Amino acid sequence: MAYQNARPKWTELAVGTAVTCPGSSRATKTGDWRSARPVWTNEHCVKCGVCVIFCPEGCIQFQADGYPTADLDYCKGCGICPHECPTGCIRMQDEVE
Amino acid sequence: MEKRIGIEASIAIAEAVGLCDADVVAAYPITPQTHIVEHLSEMVADGHLDAAFVPVESEHSAMSVCCGTSAAGARTFTATSSQGLALMHEILYIASALRLPIVMSVANRAISGPINIWNDHSDVMVERDVGWVQIFCENGQEAVDLTIWAFRLAEDPRVSLPIMVNFDGFIVSHMVEPLFMPDREMVKAFLPPFKPLQRLDIDNPISMGPVGIPDIFTEAKQVQQHLLTQAYQPIVETLGEFAKVFKRQYKPVETYRGDDADVLLLTMGAIGETAMTAVDQRRAKGDKVGLVRLRLWRPFPFEDLFRALGRIPVLGVIDRCISFGGPVGPVACEVKGALYGRKDHPLVVEFVAGLGGRDVTVTDFDKMFDALFEAKRSGKVPAPVLVGLRE
Amino acid sequence: MESLNVFAARLWPTENRFASGHRACQGCAEALAVRMIHGVLGRNTIVASATGCMEIISSSYPDTAWTVPWLHVAFENAAAVASGVEAGLKILVKKGKLPKRKITVVGMGGDGATADIGLQALSGAMERGHKMIYVCYDNEAYMNTGIQRSSSTPFGASTTTSPAGSLSVGQSTWKKNMPMVIAAHNVPYVATVNPSFPFDLASKVRKAQAANGPAYLHVYACCPTGWRMAPELAIAIGRLASRTGVFPLYEVENGKLHITVPTPKLSPLKEYIQPQGRFRHLDDATVAEIEKRVEEEYRKLERREGLVL
């Protein structure tokens, strides 16, 4: 995806300061806000997708094997997914420096 | 073929908007602008104009709806006056920053309080810095012509900015006068279909009006400053093309009997017509007086003004508005600012006249010319004069 | 029914119209609601947004979380702008300048932009009958400017302009009933929506999209930051909001009221109040008073079930 220049010269600014690249917020990796990350124990996961639905970042997706996982580029570590998981297969693990 | 007909200027302006095939009219009633939008809504109701008429609940929403329709790609018109313009104020800045070529008629009227429905320029002077092209008309013919021209200029891809067409409330808006009404074919020849620079399009989704952080805000403002300044060239060009099609030439600044004048008086809007009568009478008495009529307000036509002034020693500026506690007249202030640092600049005498519908008579002009000659004789600039004030 | 909903999660639209990388706080249920609603609304949608949290966090040049056309003009005029977009598209199609396509126009704003400063513009847009959806994301205060009270802030909540104090209970007025204000405009569809009830949400969003005229969705949007609570509780607190009767889920379809998540036995209010710091100062007697009023309001709603308002 071709992102627009974040520090353009005034002559390079888009018409009406519009953002012409849809979904370009993906350039902002909000994952570095996180102090803990969700970790799935797949043996207990029933692939129900509750975590997928309730993620405010929309960063939890099903993988090819059918199990969900969070895109850590964006996961802010809010902790909703372990709290909502009906089987308790997700836990938050502290990030270490 | 143009037809010369007797018609109220407001109705003629509405007909002109119809000739331009506007897609949307969104407006709220306010005196003295109402006849324009009343007539437009009739035209839509009778099928003479294929447009959406959006009868909004306020001027704030009128301008907001206009932003929405223009961003959707529709040719958009609105009209207002006075308090209505003031209520739009916030959104005017945004319409220009978003580069939405909205055309707005402003039937100039005083701002409250006390509430006053009559004409002066205190409504529009507040809007000086909103980033719109702003032009002033002297009569109904100009208002019709410059409304048609306004769509062409606003939608010019080099410009793509909103434009205010100002004319004096009642004095112009409600005047029945004989004027040439352009026909549809001529307007078609002059005004190409609206092709927006960008629009809200599901196949090409853009985000309009995002946050501008400090790191880009200065650049965004420079773009606006550049665009509005550079709009001057397209303005002159399109006025020239208007003249080719309609045989009426309008310039950013006009003069009347100014060439050999000893003193000049600068006016904006309809007051210039009375001023011409006053000039003629004074000339008949052998006094070399002349007029400068400032038509284009934004972008400010510096070079045209300098040419019009030549080496005149004394210039009077009539303001239809007061900047309280400041330099009194906003137009005079602007003119003085433009002249700053120029060699042999004239003495500038400030007059404030015709507030809230107060008549400015030929006698008043006479007194103003007297004051200009006195300034020329003494070399001294008198304190700003509030014309017609009872003391 | 709810467990069925849970396991039907795989039916949820997967396309993310509101992209990751937005700058909402941790656990922001408002950002979640935006993502959910636009997941349901789909691609052919144009959004006019009010100034506020969702505008700030989703757009900062040159970034946007939006993948559908989006327009932000100002704070109090999102409904007017949306109505303009709708009117503009409609006339351009009528005049043959644009091809006829099914496009949903959405206006959105927070509770301040909707119930306070934008109420007039919203009322106008609803009254004029534009075919559009207006979505109020109600996080019950001016969160973007630092948690000031709005007319949508619930009784007893401490905010920065309705602080709890020795002489103050916090917010001293009852929450404005916005959905009923809009229902009184006789629009074809009004509903309350809660992201903690995703399938109820999806059904209502679809009805709003299909409505033949203005539709209004009032969305419960838990704000962990402003409500001073743990972000992981955002969904749970939403569930409690509806189960305690604080935020009943209903719709008004062509004037007829229907409670979509009936709650004959309301959960104790304390469960809802306790995890939220904004209510921490309330004593038991006050909580009991609030509970009584919540119950009264809910029973009032129940008595109108099935009635044409």
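From a predicted model like this one, the values you see are computed outputs, not experimental measurements. Within every chain, numbering begins at 1; the chains are lettered A, B, ... in the order of the sequence lines, protein sequences first and strands thereafter.
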With a 4.5 angstrom heavy-atom cut-off, is it the side chain or the backbone of [X] that approaches chain C, or both, or neither?
| X | value |
| --- | --- |
| E57(A) | both |
| A18(A) | backbone |
| D73(A) | neither |
| P82(A) | neither |

Out of [options], return the one with the most heavy atom pairs under 4.5 angstrom to chain A.
| options | value |
| --- | --- |
| T67(C), L32(C), T64(C) | T64(C) |
| A236(C), P224(C), P69(C) | A236(C) |
| S60(C), S196(C), S59(C) | S196(C) |
| P231(C), G27(C), A234(C), S20(C) | S20(C) |

| query | Could you walk me through whether C55(A) and R35(C) pass the side-chain contact (heavy atoms from CB on, under 4.5 Å) check? | reply | CA-CA 9 Å; C55(A) 174; R35(C) 187 169 68 79; 4.3 Å; yes

Where on [X] is there a heavy atom nearer than 4.5 Å to chain A: the side chain, the backbone, both, or neither?
| X | value |
| --- | --- |
| P198(C) | side chain |
| A24(C) | both |
| R23(C) | both |

Taking all non-hydrogen atoms of both residues, which atom of [X] and which atom of [Y] are closest, and how far apart?
| X | Y | result |
| --- | --- | --- |
| S25(A) | A65(C) | OG-CA, 3.2 Å |
| H22(C) | T30(A) | O-CG2, 3.4 Å |
| P62(C) | A6(A) | CG-CA, 3.6 Å |

| query | Out of curiosity, I80(A) CD1 to Q26(C) CD, how far, rounded to the nearest 0.5 Å? | reply |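 These two atoms lie 9.5 Å from each other.
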
| query | Looking at CD of E232(C) and SG of C81(A), how far apart are the two atoms once the value is rounded to the nearest 0.5 Å? | reply |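 Spacing of CD (E232(C)) from SG (C81(A)) equals 10.5 Å.
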
| message | Has Y61(C) got a side-chain atom pairing as donor or acceptor with Q4(A)'s backbone, closer than 3.5 angstrom? | response |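 The answer is no, because no donor-acceptor pair under 3.5 Å joins these two groups.
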
| query | Most heavy-atom pairs under 4.5 angstrom with chain C, which of K47(A), R34(A), Q61(A), M92(A)? | reply |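 That would be K47(A).
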
| field | Side-chain donor-acceptor contact under 3.5 Å, T28(A) with D63(C) | value |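 A donor-acceptor contact under 3.5 Å links the two side chains.
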
| Validation row: R239(C), E84(A) side chains within 4.5 angstrom (heavy atoms) |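 They are in side-chain contact.
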
| task | Just do the side-chain contact (heavy atoms from CB on, under 4.5 Å) check on V50(A) and W12(C) with the steps written out, would you? | result | CA-CA 10 Å; V50(A) 163; W12(C) 194 261; over 6 Å; no

| task | Could you give me the CA-CA distance, side-chain angles and deciding distance for I235(C) and H83(A), then say whether side-chain contact (heavy atoms from CB on, under 4.5 Å) is met? | result | CA-CA 9 Å; I235(C) 305 303; H83(A) 198 269; over 6 Å; no

